[in-house]
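The structure appears below as structure tokens.
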Number of protein chains: 2
Amino acid sequence: MTERTLITHIKTYLTLSEEELSEIVLFFDCQSYNKKETLLLAEKRCDKLFFVIKGCLHLYFIDCLGNQKTTQFAIENWWLTDFLAFQNQKQSNFYIEAVEKSKVLSISFSKYQELLDKFPKMEKYFRTIYERAYGAALVRLKYINSLSKEEIFFRFRDDFPEFVQRVPQYLLASFLGLTPEYLSEIKRK
Amino acid sequence: MTERTLITHIKTYLTLSEEELSEIVLFFDCQSYNKKETLLLAEKRCDKLFFVIKGCLHLYFIDCLGNQKTTQFAIENWWLTDFLAFQNQKQSNFYIEAVEKSKVLSISFSKYQELLDKFPKMEKYFRTIYERAYGAALVRLKYINSLSKEEIFFRFRDDFPEFVQRVPQYLLASFLGLTPEYLSEIKRK
DNA sequence: AGCAAAAATTAAGCTGGTTTAAGAAAGTTA
DNA sequence: TAACTTTCTTAAACCAGCTTAATTTTTGCT
């Protein structure tokens with residue numbers, strides 16, 4: 001069962017019975033996506049929260065020149081959506097697309113509410129996830145505001161070597177906030 | 001009572017009895033800080049989560065050239081700490097200082113755990129706060145990666161005009177990721 | 001009010017990183 | 001294995017934003 005991935009993840013944060021856990025996963029839909037397939041469209045109401053079982057997604061937007069810019073990746077055990085738009089049930093500022101063939105759980109906003117109402121312990125689970133994600137975003141902002149683009153790349157490669165291998169360079173460049181050309185030049189050294 | 005500020009804020013997210021609310025605020029200490037007074041030191045274990053009753057705090061670090069760089073502000077009704085260090089009870093990557101004379105509630109990590117255990121509804125409160133904060137951080141990363149420094153400033157001034165008046169320009173410049181000199185040049189136009 | 005310190009402005013010179021454009025390599029499809 | 005498409009590389013010209021440094025304005029203190 002592929003849903004074991006989520007159950008295992010929840011169990012690292014909470015103590016829940018097997019019955020509860022198997023009830024919980026019923027709130028989710030499981031779907032597979034091919035490389036470059038779209039999961040969420042900007043301008044549409046953001047009604048889905050995603051959990052990656054296998055594969056890799058990215059959250060991106062299109063800048064004023066028509067370039068795709070990646071703001072966040074999500075690999076196995078990561079949650080992803082436009083959280084602000086999801087919480088307010090507004091239209092999304094971002095697109096979500098599969099970077100590679102992926103297996104993904106999703107939950108609608110109303111099911112998410114139901115899940116949290118029925119299993120209040122899940123509030124703790126998500127509180128912990130978001131507390132950490134927000135903290136990590138602040139540290140990321142710190143790096144952006146203190147390191148040169150070259151240092152940002154080397155730091156990221158040291159911290160996540162396997163990830164640098166995994167995603168195409170032009171997506172990595174966009175995530176790190178530099179041009180593919182400059183990233184290529186940095187790597188040459 | 002100054003604690004009403006927190007109570008009022010919690011009530012916008014949860015339904016709780018007055019008895020519960022007044023028990024909750026007992027978990028917090030209230031303290032006043034003068035302008036430039038330090039609340040949290042980098043390199044020290046991060047054992048406090050802060051809530052601003054009145055005034056303004058900022059989360060900053062010192063870059064390799066010895067410059068103070070602001071990553072986040074917190075005004076009335078905002079929570080602030082180095083969330084990653086707080087959750088893991090590690091030493092902080094950041095300093096926290098009062099930007100102006102401020103009145104602040106604080107809670108230690110162990111009291112925070114106790115509070116969440118005793119009042120599980122508070123999990124929902126913090127889940128919501130962090131979900132929003134993380135979403136906002138992603139949108140902020142989007143702006144950083146798509147707008148010129150000039151556009152970043154004008155956008156921020158349009159969105160938060162009163163805030164631009166409130167904090168010193170050199171802190172605002174640092175928060176927006178540009179030099180005070182360049183910000184000054186932009187404003188001249 | 002008067003002094004000292006902190007913050008903001010101005011301007012010139014400089015550089016890290018972008019833009020543009022073209023070619024090479026790697027992946028995909030039939 | 002050939003043709004097409006996507007991704008990566010290279011190099012030169014360019015510029016947004018930084019650095020430096022000197023001056024002015026504002027703030028805080030007694």
Side-chain angles (χ1 to χ4, degrees), chain A residues 33-38 55-56 58 60 62-70 73 95 97-102 141 143-157 163-189, chain B residues 33-38 55-56 58 60 62-70 73 95 97-102 141 143-157 163-189:
Chain A
Y33 298 90
N34 286 321
K35 191 172 175 173
K36 301 217 172 185
E37 215 178 322
T38 298
C56 179
H58 74 305
Y60 70 90
I62 306 291
D63 73 10
C64 54
L65 297 170
N67 300 314
Q68 182 184 275
K69 297 227 173 164
T70 293
F73 289 107
Y95 299 79
E97 215 179 71
V99 173
E100 51 191 62
K101 200 168 188 320
S102 301
L141 285 160
Y143 287 150
I144 288 176
N145 200 21
S146 63
L147 305 179
S148 70
K149 306 265 160 159
E150 190 173 328
E151 289 167 326
I152 286 174
F153 170 68
F154 286 126
R155 168 74 63 114
F156 189 81
R157 197 182 57 176
F163 192 78
V164 171
Q165 296 303 104
R166 186 167 174 178
V167 305
Q169 237 175 76
Y170 70 99
L171 285 185
L172 184 63
S174 150
F175 175 67
L176 297 178
L178 35 68
T179 58
E181 293 84 358
Y182 192 52
L183 178 51
S184 183
E185 189 185 327
I186 289 172
K187 279 180 65 182
R188 187 166 10 139
K189 302 184 189 175
Chain B
Y33 299 90
N34 286 321
K35 192 172 175 173
K36 301 218 172 182
E37 216 178 323
T38 299
C56 179
H58 74 305
Y60 70 89
I62 307 290
D63 73 8
C64 55
L65 297 170
N67 300 313
Q68 182 184 274
K69 299 228 173 163
T70 293
F73 289 107
Y95 299 79
E97 217 179 70
V99 174
E100 51 190 63
K101 202 169 187 320
S102 303
L141 285 161
Y143 287 150
I144 289 176
N145 200 20
S146 63
L147 304 180
S148 69
K149 305 267 160 160
E150 190 173 329
E151 289 167 324
I152 285 174
F153 170 68
F154 286 126
R155 167 74 64 115
F156 189 80
R157 198 181 57 175
F163 192 78
V164 171
Q165 298 302 105
R166 185 167 173 179
V167 305
Q169 236 176 77
Y170 70 98
L171 286 184
L172 184 64
S174 151
F175 175 68
L176 297 178
L178 36 68
T179 59
E181 293 83 359
Y182 191 52
L183 178 51
S184 182
E185 188 185 328
I186 289 171
K187 278 180 65 182
R188 184 161 17 136
K189 303 183 189 174

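All chains are named by letter (A, B, ...) in the order of the sequence lines, taking the proteins before the strands, and each is independently numbered beginning at 1.
- In this structure a side-chain-to-backbone donor-acceptor pair under 3.5 Å is present from A:Ser102 to A:Cys56.
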For nucleotides 21-30 of chain D, 5' to 3', base contacts (B), sugar-phosphate-only contacts (S) and non-contacts (-) with protein non-hydrogen atoms under 4.0 Å give B------S--

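- In this structure, A:Cys64 and B:Leu147 have side chains that are not in contact, with every pair of non-hydrogen atoms separated by 4.5 Å or more.
- The side chain to side chain contact (heavy atoms under 4.5 Å, CB included) search around B:Ala173 returns B:Leu178, B:Pro180, B:Leu183, not counting sequence neighbours.
- Within the 4.0 Å cut-off from OP1 or OP2 of D:dC18, at least one side-chain nitrogen or oxygen of B:Thr179 is found.
- The separation between A:Leu178 atom CG and D:dA16 atom C1' is 16 Å, rounded to whole Å.
- For the pair B:Lys149 NZ and C:dT18 P, the interatomic distance rounds to 11 Å; values are reported in whole Å.
- Within residues 167-175 of chain B, no residue places a heavy atom under 4.0 Å from DNA chain D.
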Residues B:Ile62, B:Tyr95; criterion side-chain contact (heavy atoms from CB on, under 4.5 Å); working and verdict: CA-CA 9 Å; B:Ile62 307 290; B:Tyr95 299 79; 3.7 Å; yes

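- Atom CD in A:Glu100 sits roughly 19 Å away from atom P in D:dT6 (whole-Å rounding).
- The closest side-chain heavy-atom distance from B:Lys187 to B:Phe153 is below 4.5 Å.
- Near-neighbour residues of DNA chain C inside residues 182-189 of chain B, defined by a heavy atom below 4.0 Å, number-ordered: B:Ser184, B:Arg188.
- The end-to-end axis angle of the helix from C:dA1-D:dT30 to C:dA30-D:dT1, rounded to 10 degrees and based on five pairs per end, is 70°.
- Applying the side chain to side chain contact (heavy atoms under 4.5 Å, CB included) test to B:Glu150 and every residue at least two apart in sequence or in another chain returns B:Ser148, B:Phe154, B:Ile186, B:Lys189.
- Between A:Asn67 atom CG and C:dT20 atom P there is a gap of 10 Å when expressed in whole angstrom units.
- One finds a side-chain N or O of B:Lys36 lying less than 4.0 angstrom from the OP1 or OP2 phosphate oxygen of C:dA7.
- In this entry the distance linking CG of B:Leu176 with P of D:dC18 reads 11 Å, nearest Å.
- With sequence neighbours left out, B:Tyr33 forms a side chain to side chain donor-acceptor pair (under 3.5 Å) with B:Gln31.
- Side-chain N or O atoms of B:Lys69 include none that pairs as donor or acceptor with a backbone N or O of A:Ser146 at under 3.5 Å.
- Every residue two or more places apart in sequence or in another chain that forms a side chain to side chain contact (heavy atoms under 4.5 Å, CB included) with B:Ile144 is listed here: A:Leu141, A:Ile144.
- Looking at residues two or more places apart in sequence or on another chain, you find a side chain to side chain contact (heavy atoms under 4.5 Å, CB included) between A:Asn67 and A:Asp63, A:Leu65.
- Under the side chain to side chain donor-acceptor pair (under 3.5 Å) criterion, the residue pairs touching residues 165-183 of chain A are A:Glu76-A:Arg166, A:Glu100-A:Arg166, with sequence neighbours excluded.
- In terms of the ring pair (Phe, Tyr, Trp, His ring centres under 6.0 Å) criterion, residue partners of A:Phe175 (sequence neighbours excluded) are, by chain and number, A:Phe73, A:Phe156.
- Note that CD1 of B:Ile152 and CG of B:Leu176 are 7.0 Å apart. Values are rounded to the nearest 0.5 Å.
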